[in-house]
2 protein chains.
Amino acid sequence: EIVDAIAAHFADAAHKPLAGRRALVTSGPTHEPIDPVRYIANRSSGKQGHAIAGALARLGAAVTLVSGPTRLPDPPGCAVVPIETAREMLAACEAALPADVAVCAAAVADWRVAGASDRKLKKDGGGPPALALAENPDILATLSKAGERRPALVVGFAAETGDVVATATAKRARKGCDWIVANDVSLGTTTFGGADNTVHLIRESGVESWPTMGKDAVAARLAEAVAAHFQTV
Amino acid sequence: EIVDAIAAHFADAAHKPLAGRRALVTSGPTHEPIDPVRYIANRSSGKQGHAIAGALARLGAAVTLVSGPTRLPDPPGCAVVPIETAREMLAACEAALPADVAVCAAAVADWRVAGASDRKLKKDGGGPPALALAENPDILATLSKAGERRPALVVGFAAETGDVVATATAKRARKGCDWIVANDVSLGTTTFGGADNTVHLIRESGVESWPTMGKDAVAARLAEAVAAHFQTV
């Protein structure tokens, strides 16, 4: 049994189908400043994105992980680039190219505050301030349409409420990415911050609905799918 | 030396000038939801508020700590009530009365999002949504003007940029609290999230400017000031 375990360990350690491949993974939330003390955030824990970065590295890929603020340790074997805002994340992603595969798992803020203040906003008795928003760059669409610098395989995430598969399928076409990993973040589910995930992998060839499993297991299965993709192209 | 250390320990352990007193402390940020995944937050770590709760408990007070989301362990000897929003914090504070002293160290959001959505806001191509804000309840002013239920000593915090003492002195009068602990949270300082704090204690009798010291030391000195206050009234 000990021999079997050691053999399994070395078999696993020798399973490096992504050796020589470069991977870019985004993870976590972005924080968009309102003023020096306030910001807009989201409930992404970074668990799924960090797990994917670690799983790709275990399969031999050279991984750059561009991550917003999380409470997570750096996954082993990854070069981690910490950022706060969506614009910083885009710049870090562009600096990490070229890459063979990009997995955009971060929950990037769609909007930032237009003209964030460098002084703390005060209550002045005149009622709440208007918070004007501006659209952030779309990192997934930018990577998907990056021309010569486009990664061969671009994978997006969709955190949806409502009709998850239909919405995410439309998102895949709109963004120009190859795959979408769709999950349901309705109030009744605990995907944000939780250990488990229930996802649908949406490709041109169709939809695979995976059973609920740990985020590490989702990451391992996705990393194997990435490896299989590169073995068949 | 061992005998001295033991004696010092028991001397310290026996220093309970706040025994029989009830204290209410608020700490941390509040999170104000925009939709199921997004929220407005602030950079308060909760370190100063949690340290004050612990310091009051060490002096013998029965402490209720009402805290927004932080990464901190519960301070020993405190009853901790976790909340997310300003409105939840006010309700928890009111439920914790009566108290002899209230220390409002939380960085309460001045504004919440009016009509937060129970579905994720989507980019619809029509430009960013308008984010309408509504004023949150003012917990410090509410406790300071609570009539019969007002704690005998109400201490507020002021996180200011610019002319810190003047702004905080005006805040003391406006809120109706007894003391204000004022600190500078300009971009160049590291008060938010850092281990140290540089504060001014503003009372009716005048301003004490304390040297920069650890947040635990600020907490211990403030707790002793609270104890001294009750010994002289």
Side-chain angles (χ1 to χ4, degrees), chain A residues 29-44 69-71 84 107-114 117-136 138 141 158-162 164 167 170-171 174-175 184-189 191-193, chain B residues 29-44 69-71 84 107-114 117-136 138 141 158-162 164 167 170-171 174-175 184-189 191-193:
Chain A
T30 65
H31 287 181
E32 306 294 332
I34 298 172
D35 65 18
V37 299
R38 302 180 179 95
Y39 58 93
I40 296 179
N42 66 65
R43 299 188 190 280
S44 171
T70 76
R71 305 185 187 190
E84 287 219 343
V108 182
D110 290 326
W111 305 289
R112 66 179 179 274
V113 177
S117 172
D118 61 1
R119 292 181 71 86
K120 187 182 171 191
L121 300 176
K122 310 289 287 185
K123 287 197 284 192
D124 60 3
L131 212 56
L133 301 180
E135 200 153 317
N136 267 330
D138 186 324
E160 305 290 349
T161 52
V164 173
T167 311
K171 180 174 180 175
R174 193 170 67 248
K175 302 288 187 179
D184 189 332
V185 295
S186 302
L187 275 175
T189 67
T191 297
F192 269 74
Chain B
T30 65
H31 286 181
E32 306 293 334
I34 298 172
D35 66 18
V37 298
R38 302 180 178 94
Y39 58 94
I40 296 178
N42 66 65
R43 299 189 190 280
S44 171
T70 76
R71 305 185 187 192
E84 288 219 341
V108 182
D110 290 326
W111 305 290
R112 66 179 178 276
V113 177
S117 172
D118 60 1
R119 292 180 72 87
K120 187 182 173 194
L121 299 176
K122 310 290 286 186
K123 288 197 282 193
D124 60 3
L131 213 55
L133 300 179
E135 200 152 316
N136 266 330
D138 186 325
E160 304 290 349
T161 53
V164 173
T167 311
K171 179 174 180 175
R174 193 171 67 247
K175 302 287 188 180
D184 190 331
V185 295
S186 301
L187 275 175
T189 66
T191 298
F192 268 75

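Chain A is the first sequence line, chain B the second, and so forth, proteins listed ahead of strands; every chain is numbered from 1.
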Inset, instruction - With A:Pro128 as reference, evaluate B:Val113, B:Leu131, B:Leu133 under the side chain to side chain contact (heavy atoms under 4.5 Å, CB included) test and give the passing residue. - result: B:Leu133
Inset, instruction - Hey, could you give me the OH/CD1 distance between A:Tyr39 and B:Ile40, rounded to the nearest 0.5 Å? - result: 11.5 Å
Legend entry - Distance-minimising heavy-atom pair for B:Arg38 and A:Asp110: NH2-OD2, 2.6 Å
Inset, instruction - Can you tell which part of B:Ala134 gets under 4.5 Å to a heavy atom of chain A, answering side chain, backbone, both or neither? - result: backbone
